[in-house]
Student: 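I'd like to ask you about the structure that follows.
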Number of protein chains: 2
Amino acid sequence: MSPPPAPRKTVGRPPRFSRQEVVDTARRLVDAEGVDRLTMRRLAAEIGSTPMALYHHVRNKEELLVLLLDDYAGRTLRRRELPADPRERVLAAAEAIHRALADCPWIVEVLTADDLMATSALWYVEQIVDGLIACGLTPEQAVHGYRSLWYYTAGEIVVRATAARRRADSDRATYREQVFAGLDPAELPRLARLGARWADLTAEDTYPAGLRALLTGLLARGAG
Amino acid sequence: MSPPPAPRKTVGRPPRFSRQEVVDTARRLVDAEGVDRLTMRRLAAEIGSTPMALYHHVRNKEELLVLLLDDYAGRTLRRRELPADPRERVLAAAEAIHRALADCPWIVEVLTADDLMATSALWYVEQIVDGLIACGLTPEQAVHGYRSLWYYTAGEIVVRATAARRRADSDRATYREQVFAGLDPAELPRLARLGARWADLTAEDTYPAGLRALLTGLLARGAG
DNA sequence: TACCGTTTTTGTACGCGTAAGGAAACTAGC
DNA sequence: GCTAGTTTCCTTACGCGTACAAAAACGGTA
């Protein structure tokens, strides 16, 4: 189509498509048909190639998903105004990350990365670490604090998403109700008394509250 | 081999093996050869049957893994002496759960359950909820608090395990170091200054510290 | 031109989880 | 004994991720 823009500068067979093309096509596919339909064969067909050709641009499917997540985060996590108060800034940054990731339904398969943040959402990480330091933590404590916030956030998303998925294709909720209904009040009095309310209580969104609690504890610990 | 011990009381073709046998055999297989080698075909061969026969005892492979995890938790999470002081009791119970699960290397594939605890480790959940109430929280706050502790714990395990797995079969750490080495100090001063120390800092085990911080915050919030 | 080293693509093949439907093994009623 | 009903098991087949090896497409040299 386009004329060779410059004399080739690399040796070897020229690639028919780029890694970015792979990611972009994968994103289109996921957006259009859902993450289940993203298979290496389907993606190759969409690109007009063969499955194994993809593997020269991407180590394996997991890496593709990580790239996809990075791409998504890079587009979604645009820098916003954050509060000036350091504590509020930490909260806002963590909640921004959480919101962006929770809105990404196919996230769970990838969201077990400890270094996801290292590629595109680093600015938010910076805000969190800086905010913690501004609150009186040492840099070491701040990094550890960030890790704790990340554990909490990732755990919330993964647990909640998986629960939703399981609920979708089985009667697991019913099963849990049965378990809670059959509890022995003598042995597990608190849980037995809570009984049916457990399902409702655990269905509530307590991410912000827990986040604040964790942060409070982190700061108290740093000060103490 | 053995004579029919009693006239059959159920209608239909008698099963050649039980669900418990499936779980037990799967456990043996996992213990002996690792979770990667646990495939439906291999398991069926071990039992002396066919893959599809398993599906009448187990909905799918994920359910098998959940059963396996329950089985494991039921054997590992024996009730121990816990401290009398409620705050210490909560910490000890959470740490017991964390320790048991973190020692179970194949956990990650399943550890995205929000209702794992509902089958075998309920006693610990009871201890946590009860301890939180004893610390002054309402039952509702206690349940929410337990959820937060669970998010944090599950997140820590999943993130850490996946990081270890990725580190095992790739040079992802190197990649992360490159990212951190190339940071612009003007834009991300905190992270740039931390630089190489990031890897060391995030490698430390901060689970107990974060757990205490979270608990502190939960109790402060409940009291305030 | 012919060849070489390099990089990318392709073809083939394996084991995987599991959907679908038929076969097999039992009990209950006749 | 015979059938009908019920439960469990097996056969076949599909699409999946991807290992492995051969082929193809280039730039560089002779």
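Everything quoted here is computed from the prediction, not taken from an experiment. So that the names make sense, note that chain A is the first sequence line, chain B the second, and so on, each numbered from 1.
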Student: Please check if the distance between the ring centroids of B:Y207 and A:Y151 is under 6.0 Å.
Tutor: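 Centroid distance B:Y207-A:Y151: not below 6.0 Å, so no.
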Student: Less than 4.5 Å apart, any side-chain heavy atom of A:T25 and any of A:R28?
Tutor: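 Contact flag for A:T25/A:R28 side chains = yes.
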Student: Measure CZ/B:R37 against C1'/C:dC16 and give the value in whole Å, please.
Tutor: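 So the two atoms are 14 Å apart, to the nearest Å.
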Student: Quick one: does any side-chain atom of B:E95 pair with a main-chain N or O of B:A92 as donor and acceptor, under 3.5 Å?
Tutor: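 Checked: no pair found.
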Student: Rounded off to whole Å, could you give me the CZ-to-P distance for the A:R41 and D:dA19 pair?
Tutor: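 My rounded result for the distance is 13 Å.
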Student: For A:E63 and D:dT18, give me the distance from atom CD to atom P, rounded to whole Å.
Tutor: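 Spelled out: CD on A:E63 to P on D:dT18 is 11 Å.
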Student: Which nucleotide in the set D:dC9, C:dT27, D:dG17 lies at the smallest distance from any side-chain heavy atom of B:H56?
Tutor: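 Ranking D:dC9, C:dT27, D:dG17 by closest atom to the B:H56 side chain puts D:dC9 first.
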Student: Return the value, rounded to whole Å, for the distance between atom CG of A:L43 and atom P of D:dT18.
Tutor: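 Roughly 12 Å, once rounded to whole Å.
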Student: Look at the side chain of A:R13 and the base of C:dT10, then say whether one donor and one acceptor between them are separated by less than 3.5 Å.
Tutor: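 Looking at the base of C:dT10, it does not pair with any donor or acceptor on the side chain of A:R13 (distance under 3.5 Å).
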Student: Among residues 46-53 of chain A, which residues get a heavy atom nearer than 4.0 Å to DNA chain C?
Tutor: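 Result for residues 46-53 of chain A: A:S49, A:T50, A:M52, A:A53, sorted by number.
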Student: Could you state the atom-to-atom distance from CE of A:M40 to P of D:dC14 in whole Å?
Tutor: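 From A:M40 CE to D:dC14 P: 23 Å.
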Student: Quick one: B:H57 NE2 to D:dT8 P, roughly how many Å, whole number?
Tutor: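 After rounding, the gap between these two atoms is 7 Å.
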Student: How many Å lie between CG on A:L54 and P on C:dT7, as a whole number?
Tutor: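 About 20 Å, once rounded to whole Å.
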Student: Specify the separation, in whole Å, of atom CG of A:L64 and atom P of D:dG17.
Tutor: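 To the nearest whole Å, that distance equals 10 Å.
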Student: Is there a residue in residues 16-32 of chain B whose heavy atoms reach under 4.0 Å of DNA chain C, and which residues are they?
Tutor: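 Nucleic-acid contacts, sorted: none.
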Student: Would you say B:T206's side chain and B:A209's backbone share a donor-acceptor pair under 3.5 angstrom?
Tutor: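 Absent.
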Student: Inspect the contact between A:E156 and B:R147 and indicate whether a charged nitrogen and a carboxylate oxygen are less than 4.0 angstrom apart.
Tutor: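 Judged by the 4.0 Å cut-off on N to carboxylate O distance, B:R147 and A:E156 do not form a salt bridge.
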